[in-house]
Amino acid sequence: MIPVMVDVMPQLFFFGLLGAAAYLGFSKLKEEAVRVSERNRRSAEEVKTGAHGTLVRGADGVYRVQRD
């Protein structure tokens, strides 16, 4: 019985690593999709209003163009 358990462990370990990599990759993909959709929304709003950028107030109180 023990030799069968030893033969299964490498596959179990491999599929565990594969699942963890897939999970991390999917979460990064979701974060990137949110970032890109937010950038596209801002860009469409700038085109609609005729603006040349979005201003963001910094910690020192000065407004600067927001960078992606």
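As the structure is a computational prediction, the values presented were derived from the model and not from experiment.
E46 pairs by the salt bridge (charged side-chain N to carboxylate O under 4.0 Å, His left out) definition with nothing, not counting sequence neighbours. The side-chain contact (heavy atoms from CB on, under 4.5 Å) search around V56 returns Q66, not counting sequence neighbours. For the side chain to side chain donor-acceptor pair (under 3.5 Å) test, no residue two or more places apart in sequence or in another chain qualifies with E31. Remark: T49 pairs with E45, A51 by the side-chain contact (heavy atoms from CB on, under 4.5 Å) rule, at least two apart or across chains. Shown here are the side-chain contact (heavy atoms from CB on, under 4.5 Å) partners of F15, two or more places apart in sequence or in another chain: Q11, L18.
Residue pairs satisfying the salt bridge (charged side-chain N to carboxylate O under 4.0 Å, His left out) criterion with at least one member in residues 50-65, sequence neighbours excluded, are listed as follows: D60-R64. Sorted pairs that involve residues 15-24 and meet salt bridge (charged side-chain N to carboxylate O under 4.0 Å, His left out), not counting sequence neighbours, are lacking altogether. Pairs engaging residues 8-25 under the salt bridge (charged side-chain N to carboxylate O under 4.0 Å, His left out) rule: none recorded [sequence neighbours left out].
In the hydrophobic clustering (ILVMFWY side chains linked at under 4.5 Å, chained through shared members), Y63 is joined by L55, V65. Connectivity analysis of hydrophobic side chains (ILVMFWY, heavy atoms under 4.5 Å, direct or indirect) links L17 to F13.
Salt bridge R35/E32: present, at least one basic N to carboxylate O contact under 4.0 Å.
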